[in-house]
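Working notes, structure below.
Below, each value reflects all heavy atoms present in this structure, side chains not excepted, and no hydrogens, waters or symmetry copies. Because the structure is predicted, anything quoted here is derived from the model rather than measured.
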Amino acid sequence: MADARPMFGETSQQGSVLVRLDRERAQAFAKFTRDHLQKPINILIDGEVSATRVIRDPVVSGSFPISGLASAKAADALSARLASGRSVLTVAPAD
């Protein structure tokens, strides 16, 4: 991973983390999202499902948000863990 930046929606009152992948991971993620169009996938952090989303369009930019976090503090903490390498983010098809 290249970067993880916390964000907070004033309107939604929820935190999110914008994940930006390095080139190699971005290419792999683009292929994964093309292969799983209109299908649910799990976003896992340290092996635990953080979110389940349906892929509507291929993600070719290498950036995507993890949204729905309870607070700005939760977004800050997740961003710090991902950026430091203390936590591992993976994606997998949802069963």
Contacts of type side chain to side chain contact (heavy atoms under 4.5 Å, CB included), residue [X], not counting sequence neighbours:
{"X": "A74", "value": "L69, S71"}
{"X": "P93", "value": "F32, H36"}
{"X": "A77", "value": "none"}

Report summary line: In terms of heavy-atom contacts, D46 and S87 come closest through OD2-OG, 2.9 Å
Query raised in the report: Do you know which two heavy atoms are closest between G62 and A26, and how far apart they sit?
Result: CA-CB, 3.6 Å
Report summary line: D35 meets the salt bridge (charged side-chain N to carboxylate O under 4.0 Å, His left out) criterion, sequence neighbours left out, with K31
Query - Distance (rounded to the nearest 0.5 Å) between I66 CD1 and L82 CG - result: 6.0 Å
Query - Heavy-atom side-chain proximity of R81 to L78 below 4.5 angstrom - result: yes
**Report entry** Student check: side-chain heavy atoms of R34 and V60 closer than 4.5 Å
**Finding:** yes
Provide the full list of ring-ring contact (aromatic ring centres under 6.0 Å, His included) pairs with a residue in [range], sequence neighbours left out, each pair given once.
{"range": "residues 74-95", "answer": "none"}
{"range": "residues 70-95", "answer": "none"}
{"range": "residues 46-81", "answer": "F29-F64"}

Query - For V88, the rest of its hydrophobic cluster, which grows through side-chain links under 4.5 angstrom - result: none
Report summary line: Note: with side-chain heavy atoms under 4.5 Å as the link, the other cluster members for L44 come out as V49
Query - Results of side chain to side chain donor-acceptor pair (under 3.5 Å) for R86 - residues two or more places apart only - result: S84
I'd like a table of donor-acceptor pairs (distance under 3.5 Å, sequence neighbours excluded) in which one partner is a side-chain atom from residues 50-57, with atom names and distances.
| residue | atom | partner | partner atom | Å |
| --- | --- | --- | --- | --- |
| T52 | OG1 | N42 | OD1 | 2.6 |
| R53 | NH2 | S67 | O | 3.3 |
| R53 | NH2 | S67 | OG | 3.2 |

Query raised in the report: Applying the 4.5 Å side-chain criterion to the ILVMFWY set and letting contacts propagate, would I43 and L37 be lumped into a single cluster?
Result: yes
Query raised in the report: Just wondering, more than 12 heavy atoms not from Q38 lying within 6.0 Å of its CD?
Result: yes
